[in-house]
Structure formats: C-alpha cells, structure tokens
Amino acid sequence: MALSTPAPAHSSPFDEEMGPTAHGDPMGTPAQDERILWKGQPSLPILARSAFHTRKVGLYFVGLIAVSLFFGNVNSAIVCAVLGVAGVAVLQGLAWLSARSTVYILTDTRLIMRIGMAIETRINVPLKHIGAAHLKDRGNGHGDIAMELNGERMLGYLLLWPHARPFQFGRPQPMLRAVPEAAKVAEILAEACAKFEAIERNLTEIKEADAPGGKQVNGPTAHAQRGSRSKAPHGLSDTDLEGAPA
C-alpha cells in the first residue's frame with residue numbers, strides 16, 4: 001500500500017516586511033486577498049520623449065544638418081540626416097519595446113512593476129516602505145511618479161532603468177513612467193500609503209501605552225484607561241508616535 005507524504009505548507013511568495021524585491025512570476029501576480037487599486041502602462045509618445053529623449057536627439061541632428069548646410073557641406077548634411085533618422089528610429093524602437101513590456105499594478109498592499117525589454121523582471125515595492133512620492137507633469141495629463149523608499153534594502157539602478165528617477169544612483173527610486181491621469185494615480189497611491197502610516201502609528205501608540213509597568217491589556221481596567229485616553233484634548237502633540245512612515 002502506497003503511503004502519501006503530506007504536501008509542504010504553502011507560504012505566500014510576497015513578504016511586505018522584506019522591503020522591495022525582484023523575483024519571478026509568483027511575485028508579480030496579485031494574490032487573491034489583494035485588491036487592485038490601479039493598473040496601467042506608459043504612454044509610448046511620452047515615454048519616448050521623456051525617457052529615451054527622442055526629441056532632443058532629433059533636434060541635435062537637425063542642428064548639425066543646419067550647420068553643415070550653412071557652410072555648404074552637403075555631404076556632411078546628408079550623413080547627419082541618415083545618422084539622425086537611424087538614431088531616432090533606434091530610440092523609438094526601444095521606447096516601443098519598453099512600453100509594450102511594462103505593466104504597473106497598484107494593490108492595497110504593494111506596487112508591482114512588470115518591466116524588462118528582453119527579460120521580464122517583476123518588482124514588488126511594499127506600500128509601507130514608500131516614504132514619499134514625487135509627481136512630474138509631462139503634459140496632457142501624463143506624468144512620472146518617483147518614490148523614495150525607506151529602509152536599507154534598495155533596488156539596483158540598472159535593474160530599474162528606465163523606470164528609475166534620473167541621476168539617483170546612490171538610493172535608486174522606482175518611478176512610474178509616462179502614466180496617464182498621473183495626478184489621479186498619485187492621489188490613489190498617497191491614500192493607499194496613508195493607510196499604512198495610520199496603522200503603524202496606531203500600533204506604536206498601543207505598544208508605548210501598554211509597555212510601562214505591565215499594564216492590563218484586557219478587562220475593565222484596560223477599557224477604562226483607553227476610554228480616558230480617547231477623551232484627551234485634541235491639542236496634544238504626537239511627537240512620541242514614531243511609527244515608520246508608509
């Protein structure tokens with residue numbers, strides 16, 4: 001008679017306590033108990049202009065062509081035109097690949113970034129590790145949203161590029177590139193992160209209130225103490241609440 005061995009206990013592939021991570025497929029798929037708040041992709045024209053600088057490169061070669069024609073060097077102008085068209089075409093192709101292979105998913109617990117033009121990488125940023133977000137308007141309602149991360153665990157700049165805030169090499173900041181309705185997305189992100197800040201502050205308040213002298217946690221005494229705290233004046237400072245920001 002064959003004996004069946006018990007299956008190993010299943011553990012969730014996502015751990016928000018670990019900080020930002022980059023893993024394979026299970027990490028980039030929202031769990032059943034997660035609620036998707038927003039999902040989107042970069043806009044190709046905005047991404048090509050802002051991340052791959054197609055407009056700047058095109059204007060640069062137009063300037064070279066103009067200078068060549070001004071000095072009567074037609075051959076040089078033709079060479080600059082060919083190089084300019086080829087360069088812009090390559091950058092536009094890279095932008096197309098990046099926009100096509102990128103998906104941003106914001107849930108009530110984390111931000112998932114599916115990125116990678118050649119090899120797909122799925123990056124998880126727990127909302128509780130986002131310390132601040134910066135919105136840069138790109139016109140027509142589109143924009144970039146860069147996120148400052150808390151803690152020591154960081155993601156590599158090259159791993160994130162082009163979905164990283166420019167020139168932040170020491171502490172790379174993940175960035176949502178060229179997203180439509182950027183102001184609305186930033187507001188959704190701020191509200192989701194604020195919930196984690198409130199939770200952290202509440203937990204810290206409870207720990208600091210119950211720690212000294214081994215106070216009673218349950219029972220009439222504890223309820224009386226909590227009731228008295230709830231009637232405290234609103235002008236009290238919360239400087240003693242040192243919960244980690246979202």
Side-chain angles (χ1 to χ4, degrees), residues 13-14 20-31 34-61 82-127 130 133-147 149 154-169 172-189 192:
F14 170 66
T21 54
H23 292 277
D25 180 70
M27 299 298 294
T29 304
E34 286 184 271
R35 184 165 58 93
I36 297 179
L37 305 178
W38 173 81
K39 182 178 180 180
Q41 289 182 285
S43 169
L44 175 57
I46 307 296
L47 182 67
R49 172 169 56 86
S50 61
F52 293 88
H53 307 289
T54 53
R55 178 178 294 180
K56 294 179 181 178
V57 173
L59 291 176
Y60 172 76
F61 279 99
V82 173
L83 292 177
V85 171
V88 172
V90 169
L91 293 175
Q92 186 71 26
L94 291 175
W96 178 80
L97 285 174
S98 180
R100 182 174 179 270
S101 59
T102 298
V103 177
Y104 303 129
I105 304 175
L106 176 62
T107 74
D108 54 353
T109 59
R110 57 175 167 159
L111 172 66
I112 303 172
M113 302 173 67
R114 298 180 180 176
I115 61 177
M117 290 178 278
I119 301 176
E120 185 181 75
T121 301
R122 303 192 175 187
I123 295 174
N124 293 274
V125 181
L127 298 185
I130 298 178
H134 306 275
L135 171 63
K136 182 175 180 61
D137 181 52
R138 295 294 185 181
N140 298 324
H142 295 76
D144 301 333
I145 304 175
M147 291 153 285
L149 303 181
M154 293 289 108
L155 296 167
Y157 188 89
L158 293 179
L159 175 69
L160 290 170
W161 189 88
H163 312 275
R165 189 175 185 179
F167 309 114
Q168 299 294 324
F169 303 108
Q173 300 177 13
M175 185 162 69
L176 305 181
R177 283 275 194 180
V179 294
E181 299 183 330
K184 181 179 179 181
V185 175
E187 183 178 354
I188 296 174
L189 176 63

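Along the sequence shown, the residues carry numbers beginning at 1.
- Judged by distance alone, the side chain of S101 and the main-chain N or O of G116 form a donor-acceptor pair under 3.5 Å.
- Summarising the geometry of T107 relative to L127, their closest heavy-atom pair is O-CD1, 3.5 Å, with the distance given to 0.1 Å.
- The closest side-chain heavy-atom distance from L106 to L189 is below 4.5 Å.
- Rounding to the nearest 0.5 Å places CD of Q92 at 5.0 Å from CG of L44.
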For a side chain to side chain donor-acceptor pair (under 3.5 Å) check, start with the C-alpha distance between E34 and T109, then their side-chain angles and the critical distance, and finish with the verdict. CA-CA 7 Å; E34 286 184 271; T109 59; 2.8 Å; yes
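- Here the CD1-CZ distance, from I115 to R122, works out to 11.5 Å after rounding to the nearest 0.5 Å.
- Taking the charged nitrogens against the carboxylate oxygens, K136 and D144 have no contact shorter than 4.0 Å, which rules out a salt bridge.
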In sequence, state the C-alpha distance, the side-chain angles, and the governing distance for H134 and R165, and then conclude on side chain to side chain contact (heavy atoms under 4.5 Å, CB included). CA-CA 10 Å; H134 306 275; R165 189 175 185 179; 3.4 Å; yes
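- The CG atom of L37 sits 5.0 Å away from atom CZ of R35, with the distance rounded to the nearest 0.5 Å.
- Classified by interplanar angle (parallel below 30°, tilted 30° to 60°, perpendicular above 60°), the ring pair F52/W161 is perpendicular.
- Closest non-hydrogen pair, M113 versus P174, comes out as SD-CB, 3.9 Å.
- Around the CZ atom of F169, the shell of radius 6.0 Å holds more than 12 heavy atoms that belong to other residues, nucleotides or ligands.
- Residues I105 and R114 have side chains in contact (heavy-atom distance under 4.5 Å, counting atoms from C-beta outward).
- Nearest approach of L47 to A95, heavy atoms of both residues: CD2-O, 3.7 Å.
- The two residues R177 and A164 make their nearest non-hydrogen contact at NH2-O, 3.6 Å.
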Show your reasoning for whether side chain to side chain contact (heavy atoms under 4.5 Å, CB included) applies to N124 and L111. CA-CA 6 Å; N124 293 274; L111 172 66; over 6 Å; no
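- With rounding to the nearest 0.5 angstrom, the CG atom of L160 is 9.5 Å from the OG1 atom of T121.
- Of all non-hydrogen atoms in Q41 and V103, the two that sit nearest each other are NE2-CG2, 4.0 Å.
- Contact between H163 and S98 at its shortest, heavy atoms only, is NE2-OG, 3.7 Å.
- In this structure, CD in Q173 is found 9.0 Å from CE in M147, a value given to the nearest 0.5 Å.
- A distance-only check finds no donor-acceptor pair linking the side chain of T54 to the backbone of V88 [under 3.5 Å].
- The local environment of OH in Y60 is sparse, with at most 12 non-hydrogen atoms from other residues, nucleotides or ligands closer than 6.0 Å.
- We find the CD1-OH distance between I145 and Y104 to be 9.5 Å, quoted to the nearest 0.5 Å.
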